[in-house]
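I have placed the structure first, in the form of structure tokens, so that the comments after it can refer back to it.
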Protein chains: 2
Amino acid sequence: MVLPTKAVIIEVGPRDGLQNEKSFVPTDIKNKFIEQLKSSGVTEMELTSFVSPKWVPQMQDAAEIVLVNSSDTYRNIVLAPNRKGVERALETGCKAIAVFVGVSNSFNKKNINKTTRESMEELKPIIAELKATNVFVRACISTSFYCPFEGKIAEEDTIALCKEFAQSGVDELSVADTIGMAAPTESFSLFSKLKKQLPEVLLTAHFHDTRKMALANIYAALEAGIDRFDTSAGGLGGCPFAPGATGNVATEDVVYMLERMGIETGIHLDELVKAIDIIAPSISRKIETGYYQLAKAK
Amino acid sequence: MVLPTKAVIIEVGPRDGLQNEKSFVPTDIKNKFIEQLKSSGVTEMELTSFVSPKWVPQMQDAAEIVLVNSSDTYRNIVLAPNRKGVERALETGCKAIAVFVGVSNSFNKKNINKTTRESMEELKPIIAELKATNVFVRACISTSFYCPFEGKIAEEDTIALCKEFAQSGVDELSVADTIGMAAPTESFSLFSKLKKQLPEVLLTAHFHDTRKMALANIYAALEAGIDRFDTSAGGLGGCPFAPGATGNVATEDVVYMLERMGIETGIHLDELVKAIDIIAPSISRKIETGYYQLAKAK
């Protein structure tokens, strides 16, 4: 078994992590959090989301966040759920945009009130336009394994959607176990196939730790050749539209495991802990990830 | 990658889990807990420990616990730290006894005030006597990967100690990551070697979830051919002599993952949750394992 020697962490805390927080986190705290994440060695990050401020008021400062981060060379990704969001993102000068679709129709409808097919048909011309202007496009594939409403998702459906996205020209696929229900054998199976069938895109695994299997799933994905992982500092987040989906896998726990296996991430854990310290007082629940708790207990 | 199709869960909650609880758990609660664990499908269990009641008052009712469980056909294991403990265990009619040694000298000294070598020399004739009377002997190997005082333990030292135990005639080796620090690659490496070199003994993996890697380590151990796992209902436990070693991996999370991968454990999760419900009010901390929390949130 040969594991990758390096891995890329895509930090999603500032977007996926914070979007569930009911109390508005002041913009300067968000920016300090993002700045310290970058100082810790994070090079790719979901900064914010151009969703409707009516639906997700937490993200109403998206343009301000992007502005502060516009002059560096990091991959500063913003999420945009539709054409309007993409236009707002482009107006602020975004160079990397994430779009998303759920493999599950029911999930996609609950999330953005469109079928998966309707979403794809809306997104394809948008992706073409973005690629024509050299914007980095990341496609987030929700409910790639299980759906809170439909149960198990057929592997071939996920693969088909991933292929369709790849053909439409996206740079990256973030394949998500949205409700933290995949088992390691499922992680290995899907990612092995995607790795073989889609050599032209960056493949990223996105796991939630709802059932404590996230690190096992990441280990299985590494065995399938995956070397990019979405993680959230402090394990912040979940999904507002996916019942029981609390908790992205924590950046610090993933970095710790990867580094302990000799897989370089370029992230310094002590500096990462400082980033969590910045955001922790603004978070409604206690941060109880393994590494952070141990670091604070010292 | 061929994983085992069945796995055996050795429940250690009543012993390893409860020994750290400062408030005495009434004997009848312990017995109800054990009874319900058996009802859920557990067939091998560490029931209690014949340690000095002065050192671990929680285990002062060891003889009573054994008595209640003496008439069934389950593998009812009791821990005995020394000759005196073994004698007390035999007096109550125990048919399965666990002894323990730390690979790390420092750990062993802190734990039972003997060097690893002194422990081995004391245990060898005891093991021979136990085997002569057909008692099942389980050897628990602490600090098989890391020691809180000595840091990394050389793999060859752990293997050498396991071999010595195997040669002394034990039936089972429970190889423990006492402080929850092993990475999956280390789990795979050690267990692959043990599996090849010691085909004559039952090999059991014992992981703690201190750094959230327990399920990943179990998955890696499965890949190495291991099909026996020590787990603790509700994730109870830790080690009083190992700083920061809170939390055995939770039985319910392991069973969930194994069953989800098609690996039969014979354990019914709904019944297991009832066992945790029995013990939860007596436990000083909140039970926050993945499966139990989700089951209770329903």
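- Applying the side-chain hydrogen bond (donor to acceptor under 3.5 Å, both in side chains) criterion to B/Gln58, with sequence neighbours excluded, gives B/Lys30.
- Only the side chain of A/Leu3 comes within contact range of chain B, with at least one heavy atom under 4.5 Å from a heavy atom of that chain.
- Residue A/Asn217 holds its CG atom at 9.0 Å from OH of B/Tyr219, rounded to the nearest 0.5 Å.
- More than 12 non-hydrogen atoms from other residues, nucleotides or ligands lie less than 6.0 angstrom from NZ of B/Lys152.
- Most heavy-atom pairs under 4.5 Å with chain B: of the set A/Ala220, A/Ala250, A/Gly262, A/Pro184, this distinction falls to A/Pro184.
- Taking 4.5 Å as the limit, some side-chain heavy atom of B/Met181 sits within range of a side-chain heavy atom of A/Arg260.
- With a 4.5 angstrom heavy-atom cutoff, B/Tyr291 does not touch chain A via any of its atoms.
- Neither the backbone nor the side chain of A/Glu252 comes within less than 4.5 Å of any heavy atom in chain B.
- A/Lys212 and B/Leu215 make their closest contact through O-CD1, 3.1 Å (heavy atoms, listed as atom of the first residue, atom of the second, distance).
- At a 4.5 Å heavy-atom cutoff, B/Gln293 makes no contact with chain A through either its backbone or its side chain.
- Contact of the A/Arg211 side chain with the B/Leu294 side chain is registered, since non-hydrogen atoms from C-beta on lie closer than 4.5 Å.
- Only the backbone of B/Ala182 comes within contact range of chain A, with at least one heavy atom under 4.5 Å from a heavy atom of that chain.
- Contact of B/Glu223 with chain A is made through the side chain alone, with heavy-atom distances under 4.5 Å.
- Counting non-hydrogen atoms of other residues, nucleotides and ligands closer than 6.0 Å to NZ of B/Lys296 gives a total above 12.
- Between B/Tyr256 and A/Met213 there is a side-chain heavy-atom pair separated by less than 4.5 Å.
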